[in-house]
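Let me begin by presenting the structure, written as structure tokens, before commenting on it.
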Amino acid sequence: MKTEAAMNEVLSYERENRLVLITIANPPVNALSQQVRAGLLAAIDKFAMDESADIAIIIGNGRLFIGGADISEFGKPPLEPRLPDVINRVEACEKPVLAAIHGTALGGGLEVALGAHYRIAQGGAKLGLPEVRLGLLPGAGGTQRLPRLTGVDQALNMITSGTPLTAEQALEHGLVDRVDTQGDIRRAALLFARELQVENAPVRRTGALPRPTADAVLLQQWRERLEHRARGEVAALSALEAVEAATRTELGEGLVTERKLFLALMQTPQRAGLIHAFFAERAVGKLAELRDANPLPVEHVGVVGGGTMGAGIATAALLSDFDVTLVERDEGAAARARDTIATYLTAAVKRGKLDETACQAILEERLQTVDDYSRLAHADLIIEAVFESMDVKKTVFRTLDDVARPGAILATNTSYLDINEIASATNRPESVIGLHFFSPAHVMKLLEVVVADRTSPELVATAFALARRLGKTAVRAGVCDGFIGNRLLSHYRAAADHMLLDGASPYQVDRALRAYGFAMGPYAVADLAGLDIGYATRQRRAAERHPRERYPAWADELYHQGRLGQKTGKGYYRYPEGSRQGLEDPAVEKLIAATREQAGVTPRSFTDREIVDRYMAAMVNEAARIIEEGIAQRPLDIDVVLVHGYGFPRWRGGPMHAADQRGLASILADIHRYAEEDDHFWRPAPLLTQLVEQDRQFNSLNHS
Ligand code: 3HC
Ligand code: NAI
């Protein structure tokens, strides 16, 4: 006999032949909202009392099991029932509960499954505890139950990295009892439950398993590893503490420790920063202009230019199953581009991202490297990545206009150039768009989608769809010199150069910014990218240089001396014998001192704090102008660009979020103070002044 009852709007209770299906239906990801928690608690209570039911199955409706706690509730007053209590109730149930996992079981979702007595997962499902990525630790028993099942080392692997296991790996580690390969989780769970019913299987509480053991050496090794990796982040170390508690105390006490640590993390600015980043990453694709625009189909991608960027872009496209035709200037260059792509693909094989056969198939069947533009006639999308020169780009676009099929998308990967002018070289400016990839293009996650005056909304929609398929995060930008990211970079790098002129050393600047959380300081970044890039930019802008602009003459000198950065073994740093670890170089300090002398500057010292404050003030001030001009539509777009393309610490949420946290009035006051020395560079952006006057934050512009 079949009975069905809705516990509430998001959870149902269905009984069939003495088996109960408790189905969570809270789209899009079945997050454990207050309603779900309340429904689950009520359903377990009902099952416990239900004399015509032997086994309950918790299952998710839609494409996944449970995506975790409801993140949108974080930072607000907690709502009863609390998740740990709900899970304890599941575990305490006197009749067996089976978790049936498909798609993903993340965070609180996996913790629900750990509270159940048996677990079955669909092949390919992902099971993980990603809380540290949100500045938290698993707060509903994960740090106590997972090590009891998998052992401490594996539990720490999962909890401190946030990286999920596949169902198959989860089976290996004892996290699930069975993997279903038939593709129907409901059916597989019912079959499993039927077997358990026949066997009269007992309840099997994870929390009742013996305390996990870990020797002091292992825990100390973990501590050292995490301290080394943390660079200011606190969550993983806190998670280690919670897991250590699991090795020392019984479940009840361990859960209390876990909760205490969880609630402490909930109060940190890091948690707020990481959750801001999480929602910002999802909001970047929500644009008014995309609402009625459908993406155009793209299967065949053309790439023009097979240097650093072209080869990387081609690789990214091939790894995402596109067919690629790459055009170079001559046969030799085409062959070199093929070699580079083959090297990148081989590296992907080594990293386990691609298997050897697939790699061969790509090179033999899906990649063409040629010197003949007519081979692009069938491409749906053509991405130009030739030298950064307006003349060269215009010539290329004139040719593309001749050979590309009507309706094909013509994209440029230019870093700084005016895309309206590039588009004017064609008779179809509505088909031209900027797709600004970052180096290495097959690795970096950011894609700036640069929308020119005539670009059609369909192209913008296609660019966002393309980014998704490439596994990248796309951010919309308008046309200006450097778009969002490089324009900001030029500005805050100039602020850093001014500090060098005034007495700071490039090494102190890099150290101070790394200590703030940047992946690299600006001078180490310059060495990585190549100092020729900065030189070319300064040359290009020479004509428009303002007489009051403070000029980093030492940088030109480095270029003239052939110190181009890592690729020549010397730049701001020295790189002995191909090492990527730079050493400080007194010769560079001498060059900078010479520039100071020429400029008549008496050097002064800087504290690390002042270095960070000036750098951030420059970044935020220019960002405010970028928003004012509509180059970025919202502050959150800037946050995502800086976090994903420029090594800004994700746990600070991005520069605009960090500015809100610090207080805009205090940043504006700094800018006014800096302007007393240099009121050409430090002109407060009107938007920043306006926000301060109105006592508002950048975040208020994210929702308008
Ligand atoms: N809570 C609230 N909303 C969530 C959510 C969550 N846990 N997870 C996703 N969403 C929202 C997203 O914001 C998005 O909303 P939008 O459509 O309005 O933009 C929508 O759900 C769809 O999300 P995605 O676009 O990310 O969907 P995908 O299919 O690409 O990915 C996912 C699904 C893998 C579940 C991914 O959303 C994800 O990684 N979510 C976060 C998982 C997570 O971190 N869970 C742990 C939470 S903390 C916790 O559980 C604490 C506990 O230990 C006490
Ligand atoms: P690169 O010098 O490594 O490669 C350029 C390639 O274009 C060369 O292989 C050259 O042979 C080829 N080429 C030149 N003219 C051509 C033509 N008419 N037809 C076909 N091929 C031609 O340069 P890189 O670094 O790859 O830069 C390419 C573009 O990407 C530039 O616009 C640059 O500003 C931009 N970019 C560069 C980034 C970087 O970090 N290197 C990052 C993001 C964008």
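Note that the structure is a prediction, hence the values are computed from the model and not measured. Whatever order the structure lists them in is the order used to number ligands and atoms, beginning at 1.
The existence of a salt bridge linking Glu91 and Arg145 is confirmed by a sub-4.0 Å separation between a basic side-chain nitrogen and an acidic carboxylate oxygen. Arg375 and Asp372 are not joined by a salt bridge, as no carboxylate oxygen comes within less than 4.0 angstrom of a charged side-chain nitrogen. Residues Arg634 and Asp637 are paired through a salt bridge, judged by an N-O separation under 4.0 Å between the basic side chain and the carboxylate. Between Arg336 and Glu328 there is no salt bridge, since none of the side-chain N atoms of the basic residue sits less than 4.0 Å from a carboxylate O of the acidic one.
With a 4.0 Å cut-off on non-hydrogen atoms, Arg133 does not touch ligand 1 at all. Neither the backbone nor the side chain of Leu32 comes within 4.0 Å of ligand 1, counting heavy atoms alone. With a 4.0 Å cut-off on non-hydrogen atoms, Lys126 does not touch ligand 1 at all. Looking at Val29 against ligand 1, only its side chain comes within 4.0 Å, counting heavy atoms. At a heavy-atom distance under 4.0 Å, only side-chain atoms of Ala31, from C-beta outward, approach ligand 1.
Looking only at protein heavy atoms, the nearest one to atom 9 (O) of ligand 2 is Glu328 OE2, 2.5 Å. The protein heavy atom nearest to atom 30 (O) of ligand 2 is Asn413 ND2, 3.0 Å. The closest protein non-hydrogen atom to atom 37 (C) of ligand 2 is Met309 CG, 3.3 Å. Distance from atom 29 (O) of ligand 1 to its nearest protein heavy atom, with residue and atom name: Arg63 NH1, 2.4 Å. Distance from atom 53 (O) of ligand 1 to its nearest protein heavy atom, with residue and atom name: Glu131 OE2, 2.5 Å. Remark: minimum distance from atom 11 (C) of ligand 1 to any protein heavy atom is reached at Pro28 CG, 4.4 Å.
In this structure, the side-chain hydrogen bond (donor to acceptor under 3.5 Å, both in side chains) partners of Arg493, at least two apart in sequence or on a different chain, are Asp497, Tyr572. For Thr308, the side-chain contact (heavy atoms from CB on, under 4.5 Å) criterion is met by Ser439, not counting sequence neighbours.
For atom 19 (N) of ligand 2, the nearest protein heavy atom lies under 4.0 Å away.
Summarising the local packing, CD of Glu331 is surrounded by 12 or fewer heavy atoms from other residues, nucleotides or ligands at distances under 6.0 Å.
In this structure, of Asp371, Val386, Thr308, the residue bringing a heavy atom nearest to atom 28 (C) of ligand 2 is Val386. Between the choices Glu384, Arg329, Glu388, the shortest heavy-atom distance to atom 16 (C) of ligand 2 belongs to Arg329. Which of Gly108, Gly135, Ser72 comes nearest to atom 50 (O) of ligand 1 through a heavy atom is settled by distance: it is Gly108. Counting heavy atoms only, Arg282 comes closest to atom 25 (O) of ligand 1 of the residues Arg259, Lys286, Arg282. When the heavy atoms of Gly434, Gly645, Ser415, Ala529 are ranked by distance to atom 44 (C) of ligand 2, first place goes to Ser415.
Taken to the nearest 0.5 Å, the CG atom of Leu114 stands 7.0 Å off from the CG atom of Leu129.
The salt bridge (Lys or Arg N to Asp or Glu O under 4.0 Å) test with Arg37 singles out one residue from Glu73, Glu111, Glu80, and that residue is Glu73. Just one of Met309, Glu448, His644 meets the side-chain contact (heavy atoms from CB on, under 4.5 Å) condition when paired with Phe438; it is Glu448.
At least one heavy atom of Tyr373 sits under 4.0 Å from some atom of ligand 2. Residue contact annotation: Lys393 has a non-hydrogen atom under 4.0 Å from ligand 2. The shell of residues lying under 4.0 angstrom from ligand 2, judged by heavy atoms, includes Phe437. For Arg336, the closest heavy-atom approach to ligand 2 does not fall below 4.0 Å.
The aromatic rings of His657 and His276 sit parallel to each other, their planes meeting at less than 30°, with 60° as the upper class boundary.
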